[in-house]
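Below is one structure, written out as structure tokens; comments come after it.
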Amino acid sequence: MSASPLPGDASAEFLPFTRPTIDDETIAGVVEVLRSGWITTGPWNTRFEQALSEYFGGRTVRAFNSGTVTMEIALRMMGVGPGDEVITTPLSWVATANVVLAVGARPVFVDIDPVTRNLDAAQVKAAVGERTRVLLPVHLAGLPCDLDALYDIASRRGLRVLEDAAQAIGSSWRGRRVGSFGDYASFSFHPNKNATSIEGGCLVLPADADPGLAERYRLQGVRRFGIDGMDVDLVGGKANLTDVAARVGWGQLQRVDEFNARRRELARAYFAQLDALELPARGVELPVRDEHHSNWHMFQVVLPRGVVRAEVMQALKSRGIGSGVHYPPIHLFSLYRKLGFAPGDFPHAERVGAGILTLPLFPGMRDGDVARVAQALSAVLRESGV
Ligand SMILES: *Cc1c(COP(=O)(O)O)cnc(C)c1O
């Protein structure tokens with residue numbers, strides 16, 4: 001153990017809202033890759049993809065260098081482009097809607113269910129139109145969307161589904177792992193996610209998709225044959241995962257279920273603490289008390305109307321506690337307002353987006369940290385008159 005803790009170390013005084021757990025086995029593995037003579041996409045990328053495939057019930061998986069590019073490539077594989085519409089949520093990381101714009105299609109937002117904070121399936125059904133090609137639900141904070149309802153709409157209306165499962169590795173729906181069934185599912189391995197490859201992502205492919213096409217979009221459209229043959233027949237990008245990153249991701253995948261179990265334990269502790277401090281009665285909205293489906297990527301509360309979130313965050317910070325905002329609603333960003341979206345379009349997403357606060361939650365947290373955060377939040381809210 002190093003004597004001086006790194007910034008954000010769980011043993012240091014400041015408690016960040018998240019922090020990756022990288023073990024010594026992974027660090028040693030990375031050193032081996034660095035010394036091996038092959039550091040970009042190679043044997044470890046293949047091994048990582050195989051391990052992911054096993055994790056997702058034997059389905060075909062390809063890895064990429066970000067969750068964002070993973071989704072963009074999925075849309076390209078489906079042939080989504082200008083004139084097409086993709087139905088998605090305004091309450092997500094902006095990448096979810098940006099990739100729709102990147103392929104030249106139009107994002108059609110549908111409001112969230114304020115309790116789950118995920119897409120409201122009834123409103124999705126009503127939003128399907130002539131130009132709709134894809135449903136792009138997001139499993140926010142790792143809580144799965146109503147996949148029965150969404151896949152039912154998709155099959156009735158002949159739509160594809162791309163699950164933005166960036167936050168949902170290890171989450172399950174009716175006992176089945178997210179990504180182990182359904183259509184396309186995209187995951188992210190950003191350091192804030194439940195498993196990381198530093199940067200990275202992966203796409204679980206449906207049976208009718210060609211993994212070779214995913215590989216061509218991943219690397220300049222290149223197709224190789226024989227010992228010296230090469231052709232290019234589509235515009236691919238540069239989205240391949242390095243073996244160094246793949247080695248980190250593989251090491252994380254070995255432990256993700258253990259990490260998620262620890263997250264679930266901490267989430268349970270949050271409910272006990274926040275209930276004891278009567279925060280729900282004081283107007284603070286807690287997440288869904290989900291014991292089985294969520295991987296507890298985040299523990300988010302929604303502050304009561306009238307409380308200034310920035311002040312709460314500042315006050316927590318001065319008590320040595322980090323917090324985050326995930327997310328401001330996408331449709332209110334300038335880029336999206338220029339496309340015609342306006343305040344009032346999605347009232348639930350706007351209210352939740354204005355009050356949502358992510359509390360610290362990561363596997364390296366100590367049990368006592370949860371009580372410390374809950375008590376600090378309670379005290380800070382008292383100062384705001386809550
Ligand atoms: C993290 C995230 C992404 C993007 O993943 P990157 O790996 O950062 O590109 C997309 N959607 C959601 C919901 C995310 O949380």
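Positions are given from 1, in the same order as the sequence printed here. These numbers come from the heavy atoms of this one structure, side chains and all, not from hydrogens, waters or symmetry mates. Not measured: the values here are computed from a predicted model. Whatever order the structure lists them in is the order used to number ligands and atoms, beginning at 1.
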Is a donor from one side chain sitting under 3.5 angstrom from an acceptor on the other, for [X] and [Y]?
X: Tyr151; Y: Glu163; answer: yes
X: Asn194; Y: Asn260; answer: yes
X: Gln252; Y: Thr196; answer: no
X: Ser172; Y: His293; answer: no
X: Arg247; Y: Ser197; answer: no
X: Trp173; Y: Asp146; answer: no

Applying a heavy-atom cut-off of 4.0 Å, say which part of [X] lies close to ligand 1: side chain, backbone, both or neither.
X: Thr96; result: side chain
X: Tyr327; result: side chain
X: Ser92; result: side chain

Contact atoms of ligand 1, heavy-atom distance to [X] under 4.0 Å:
X: Val138; answer: 13 (C)
X: Gly67; answer: 5 (O), 6 (P), 7 (O), 9 (O)
X: Ala166; answer: 2 (C), 3 (C), 10 (C), 11 (N), 12 (C), 14 (C), 15 (O)
X: Met71; answer: 10 (C)
X: Trp93; answer: 2 (C), 3 (C), 4 (C), 10 (C), 12 (C), 14 (C)

Identity and distance of the protein heavy atom lying nearest atom 11 (N) of ligand 1: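 So the nearest neighbour among protein heavy atoms is Asp164 OD2, 2.7 Å.
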How close does the nearest protein non-hydrogen atom get to atom 4 (C) of ligand 1, and which residue and atom is it?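 I find the closest protein heavy atom is Thr68 OG1, 3.5 Å.
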Touching ligand 1 at all, [X]? Heavy atoms, strictly under 4.0 Å?
X: Gly201; answer: no
X: Lys193; answer: yes
X: Gly200; answer: yes

Looking at Arg309 and Leu357, would you say the former's side chain and the latter's main chain have a donor-acceptor pair under 3.5 Å? no
So for ligand 1, is Ser188 a polar contact partner (N or O within less than 3.5 Å, distance only)?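 N/O-N/O distance under 3.5 Å: yes.
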Kindly confirm or rule out an N or O of Gln167 lying under 3.5 angstrom from an N or O of ligand 1. yes
CG of Asp275 to CZ of Arg289: how many Å apart, nearest 0.5 Å? 4.0 Å
Could you tell me whether Phe189 and Phe48 have their ring centroids closer than 6.0 angstrom?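 Here the rings of Phe48 and Phe189 have centres that are less than 6.0 Å from each other.
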Ring-ring centroid check His326 Phe17, cutoff 6.0 Å: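 Centroid distance His326-Phe17: below 6.0 Å, so yes.
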